[in-house]
Amino acid sequence: MKRLVIKSFKDDLNGFLNLVPNRIKAINESNADPLPKEYGVNALALELHPSELELTVSDTTEITDGVRILSLVPDKKTVLPFFRAGQSINIKNESFSTPFSILSSPGSDKYEIAVFSDNKDNVSRHLYDLQIGSKIRTSGPEGFFYYISLRDKNTITAFCDNQGAPALISMAKSIADKTESYSLKIVYFDKDSDYIFRDILNNIPSVSAEYVADYSEIKADCGKAFVSGTESFCEACIQRLPDARINIVNPKQCSGETTEEFQCTVTFRDKKFVFTCKSNETLLSAFERNSVPSAAKCKAGECGYCRCKLVEGQVETVNIHSVDSLRQADKKYNFIHPCRSFAKSDLILAL
Amino acid sequence: MKKYDTVIIGAGNGGLACACMLAKHGQKVLLLEQSHIPGGFATSFKRGRFEFELSLHELCTFGRDENHSGAVRQLFDCLGISDKIEWVDIPEAFRLITSVQGSKFDAEMPFGIEEFCEKAEYYAPGCKKEMKRLFDLDEEIRITLQKLGKAKNKAAQLAVLLQKGGLLHTAAYSVDEVLEKINMPEKAKAIFKAYWAYLCTDFENLSFFHYLSMINAYVELKSVVPKSRSQEMSNCLADYFTSHSGELWLNSKVVKINTENNRCTSVVLNDGTVIEADNFVCNCSPHVAYGQLIEHEKIPEFEIKKANAQKFGGRGFCVFLGLNKSAEELGLKNYSYFIFPDMDSVKQFERMGKPETNDVQNTVCLNAAHPSASPEGTCMLCMTTLFTSDYWSSVTSENYFKEKERFAEHMIDVFEKATDINIKDHIEEIEIATPETFARFTGTPQGTIYGYLGQKWDGVMPRTMMANKKDGFDNLYFAGGYCERMLGFSSALASGRDCAARICRDAVINGRETL
Ligand SMILES: Cc1cc2nc3c(=O)[nH]c(=O)nc-3n(C[C@H](O)[C@H](O)[C@H](O)COP(=O)(O)OP(=O)(O)OC[C@H]3O[C@@H](n4cnc5c(N)ncnc54)[C@H](O)[C@@H]3O)c2cc1C
Ligand code: FES
């Protein structure tokens, strides 16, 4: 092959020999100022998704017996992260955590959440009796249940029960205050016809809501429906609207009677946790009871943050969504989502 | 005795490869990862019924078979894991849609040097010989490099260098400087330049040698992807590591590296845990290590100056689409679409600084290689571009969602226009990753996904030639896409392997260990 000479033999050779000296020269000519501690993009990412927020209860209102709306505000230095109407925050208490839909509008300067005294989880019980001025720890806004103009039709039909209503209230408010522009038709289901959030909904301009008490009314006329509610409500809706977008509120962490107890060993870093778990509780709730650290967020098998490895033993996974949220590669390597898994034998797990 | 020989910060490709090689060598290694999952960019995520690959379009240097294997297969063979991963062959090299001399140019290129040159001849008659010459040049350079590695002294090295001139003559030049000397029609040059966006350095700056070796790796060896997305590789490496007595700690962010007398002594985790070791490896960028983890005053000046002199490479922006029609039904015949308004890389690099002018994209339809990657009657598209400025740091939190959706729509428009395929009416799932997203998940500064930019003075060649020099802390090493081999899966993996070799070599030199 003929030699390919770029400039001249001498120039090319010198160029080669000077590669390193030139680099050293360029480096030496640069400055020795401290490197940045912060970057604009990373700072915005942290503002949108803070690892943890400390919020203060600024107001609590009992809207009906057993349901309170809590208003949560940040301290003066912190900006409340912007969110998409429909998203949740995960509220922590000791080693327990529970996701709550935000019911205020993204334009508002506070997060409002609804707390049900009937929900017997540790966090709801803790929140229900909180006084104004109390401080709580929460995650930033999380979850994928929100309107996306590139994906969704201009008109959305959304179904909820009482517990699922807050997410839709936020969506309705975001339309009323022009943060979002689409039209939303809400079908509110309550078999007892209490419709706890009816007054709040009726006060939001330009939202159309229909109040139903029978599952036969659950049907969508166009596009993919949005469904927000308890596990049993979502299950009932999926049967009628198989491809709906689902927001499971307060996913059940316990089902039926305890039939068996198993020994569960969890390794995290160089620590080992050994405890008993019941066959009718999710592994995640056993983790929480035993202060096993977990990065869990949604508790509904969606976010993937609770991912851990099943080293030994059998579990049963119960997904509410028809689709399994576990990655293919995670399945291949025996990972599970403890928030949707129940023990079927003694277990060894690695976080 | 310290509990660990080596502590590695970050379980991306570089950290994982380094961890596996050290564990294989019998070291006691602790791999720390801030995220809840190992892999760094090498991961996937699910939305609805789709599982999207986050980053990997194609893996080069694995090779099409045992007889045509590259660095990645050699690494995986050495760990005995090549066959544990299910691989999918990428069907063709690329489809290029651009304009050449003012008119639309649309070319579909195959793998294999012979086939590639043949097809180039079809699009640009008269180019075959010169195109082939470029690939031959790569082979010549590779042989020269191998011989250089074996040469015993300076004189022997010079002899090798002079023997065949390929390396000597081209090493100092950019792609444009060399291509000027190659007599090829513009269309042929466009074909040769198509992999441009994979390195995202304009051709006045990008080292010819680097680009040539990359394009050759793709065309000659062909590329593959793991069937269960790149998380399959990450899980497989992590599994190898932990089953060879390695400790992998997830959700464990390093917030500080303590130093003493030009040596690192320990790392501190976010919960205050302090861990001592003999050696430390950063799979994060030097900007993070020196800017956020180590006290400025303790850092050797040359290292600070080096980081200050370097520039960040492309900041990532991706649109992931789950479509409710099959690839066939939609007419998505190709796997990889390179879409450029024209082939002027200097101009496009500049235009990629702003959303209004960034019209460059590389779009992948995984189903074209792996039809059952998503449920029947559906397919997935992943559109990727890079930003060459810090534009995304000027966005406010209130505008962020609108801005990202606006630009995502623009990318879809560009794709629809280039291919004449309707996408918008078929979107079942969409996810948009911005520089903020990448910054959030790996902590990479400004959402950079392409390591340090290959500036003219800072190309792969001089970086590699200096890689064995110890300018920084005696026992601190770097591995991954910010290192001398630059960005990319294969580079990051190879860099992890190199890093492990350096640690073992230094351990021998320091008398702590025998080989
Ligand atoms: C969208 C996209 C498309 C791409 N396409 C391709 C392609 O087709 N082909 C190709 O070859 N390459 C591609 N790349 C590039 C390739 O993914 C990267 O170059 C490579 O994976 C980088 O590996 P890395 O070893 O540098 O680690 P990274 O993936 O950057 O991982 C670094 C790890 O370190 C962790 N870490 C950082 N700081 C800390 C800390 N303080 N404590 C603990 N852990 C920490 C991070 O969480 C992360 O897991 C693409 C990248 C992206 C994002
Ligand atoms: S907590 Fe979200 S998947 Fe388990």
Side-chain angles (χ1 to χ4, degrees), chain A residues 1 3-6 9 12-16 18-20 22-37 39-49 79 81-82 84 144 148-151 224 245 269-270 293 295 304-305 307 323 325-330 332-333 335 351, chain B residues 36-37 44 46-49 51 133 136-137 165 168-173 177-178 181 228-229 231-232 235 239 249-252 287 290-292 296 301-302 304-309 390 392-393 395 397-398 400-401 405 408-409 427 430 435-436 439-440 445-447 457-458 461-462 465-466:
Chain A
M1 188 168 65
R3 271 193 186 220
L4 176 70
V5 178
I6 305 302
F9 180 83
D12 295 357
L13 177 64
N14 276 337
F16 181 87
N18 281 328
L19 282 170
V20 170
N22 281 344
R23 185 165 187 260
I24 293 176
K25 185 160 166 270
I27 293 170
N28 279 325
E29 281 169 2
S30 182
N31 70 74
D33 298 344
L35 291 163
K37 291 230 171 294
Y39 299 90
V41 165
N42 302 58
L44 178 54
L46 196 65
E47 188 185 321
L48 291 163
H49 304 282
V79 205
F82 191 80
R84 307 298 294 260
F144 314 117
I148 303 178
S149 59
L150 282 169
R151 176 194 67 185
K224 274 197 163 209
R245 297 188 190 285
R269 296 188 180 167
D270 48 359
Y305 276 90
R307 175 191 187 269
V323 278
S325 65
L326 210 56
R327 290 176 187 84
Q328 286 172 34
D330 283 347
K332 195 166 162 177
Y333 284 87
F335 287 88
L351 283 185
Chain B
H36 67 290
I37 188 165
S44 66
K46 291 196 79 165
R47 289 292 176 272
R49 30 181 198 156
E51 178 170 347
R133 187 176 173 203
D136 290 343
L137 188 62
L168 177 151
H169 284 289
T170 59
Y173 298 108
E177 282 166 318
V178 176
K181 294 281 163 182
S228 303
R229 321 296 187 266
Q231 189 64 50
E232 187 176 359
N235 282 359
D239 190 62
W249 293 10
L250 298 172
N251 296 306
S252 300
H287 266 74
Y290 296 142
Q292 298 169 352
H296 173 71
E301 192 181 77
F302 189 79
I304 296 276
K305 284 186 163 179
K306 181 165 44 176
N308 274 322
D390 288 331
W392 286 89
S393 64
V395 174
S397 59
E398 300 85 64
Y400 172 74
F401 295 106
E405 277 171 27
E409 183 165 15
I427 302 175
I430 179 169
E436 271 72 10
R440 176 186 177 201
Q446 302 292 37
W457 61 270
D458 195 27
M461 199 69 167
M465 288 159 98
M466 285 172 70

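These numbers were taken from a predicted model, which means no experiment stands behind them. Atom set for the values below is all heavy atoms of this structure, side chains included, hydrogens, waters and symmetry mates excluded.
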Give the minimum heavy-atom separation between [X] and [Y], together with the two atoms involved.
X	Y	value
A:Ala45	B:Glu436	CB-O, 3.5 Å
A:Ile6	B:Lys181	O-CE, 2.9 Å
B:Met465	A:Val20	CB-CG2, 3.5 Å
A:Ser30	B:Ala309	OG-N, 3.3 Å
B:Ser228	A:Gln328	OG-OE1, 3.4 Å
A:Leu19	B:Pro462	O-CB, 3.6 Å

Options [options], ranked by heavy-atom pairs under 4.5 Å with chain B, top entry:
options	result
A:Asn18, A:Leu46, A:Asn31, A:Leu13	A:Asn31
A:Glu47, A:Arg245, A:Lys25	A:Arg245
A:Leu35, A:Asn14, A:Asn22	A:Leu35
A:Gly304, A:Pro36, A:Gly40, A:Gly15	A:Gly40
A:Leu326, A:Asp270, A:Val79	A:Asp270

Beyond-backbone contact of [X] with [Y], side-chain heavy atoms, under 4.5 angstrom:
X	Y	result
A:Tyr39	B:Gln292	yes
B:Arg133	A:Leu4	yes
B:Ser397	A:Leu44	yes
A:Phe16	B:Met461	yes
A:Asp330	B:Ile37	yes

Among [options], which residue forms the greatest number of heavy-atom pairs with chain A at distances under 4.5 Å?
options	result
B:Glu398, B:Gln446, B:Arg229, B:Glu232	B:Gln446
B:Pro445, B:Ser252, B:Gly447	B:Pro445
B:Val178, B:Asn308, B:Thr170	B:Asn308
B:His287, B:Glu409, B:Arg440	B:Arg440

| message | Quick check: B:His169 with A:Phe9 (ring centres under 6.0 Å apart)? | response |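 When the ring centroids of A:Phe9 and B:His169 are compared, they turn out to be within the sub-6.0 Å range.
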
| task | Kindly say whether the aromatic ring centers of A:Phe82 and B:Phe401 come within a distance under 6.0 Å. | result |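 Close enough - the centres of the two rings lie under 6.0 Å apart.
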
Distance from [X] atom [atom1] to [Y] atom [atom2], nearest 0.5 Å?
X	Y	atom1	atom2	result
A:Arg23	B:Lys306	CZ	NZ	5.5 Å
B:Lys305	A:Ile27	NZ	CD1	10.0 Å
B:Ile304	A:Asp33	CD1	CG	9.5 Å
A:Leu150	B:Ile430	CG	CD1	4.5 Å

| query | Under a 4.5 Å heavy-atom cut-off, does chain B meet the side chain of A:Tyr305, its backbone, both or neither? | reply |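 When you check distances to chain B, atoms from both the backbone and side chain of A:Tyr305 fall under 4.5 Å.
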
| request: Please step through side chain to side chain contact (heavy atoms under 4.5 Å, CB included) for the pair B:Asn235 and A:Lys332, ending with a clear verdict. | output: CA-CA 9 Å; B:Asn235 282 359; A:Lys332 195 166 162 177; over 6 Å; no

| field | Interchain contact, B:Tyr290 with chain A, by part (heavy-atom threshold 4.5 Å) | value |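 When you check distances to chain A, atoms from both the backbone and side chain of B:Tyr290 fall under 4.5 Å.
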
| Which atoms of B:Asp239 approach chain A - backbone, side chain, both or neither, heavy atom under 4.5 Å |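 The answer is the side chain of B:Asp239.
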
| task | Test A:Arg307 against B:Leu250 for side chain to side chain contact (heavy atoms under 4.5 Å, CB included), laying out the working first. | result | CA-CA 11 Å; A:Arg307 175 191 187 269; B:Leu250 298 172; 4.2 Å; yes

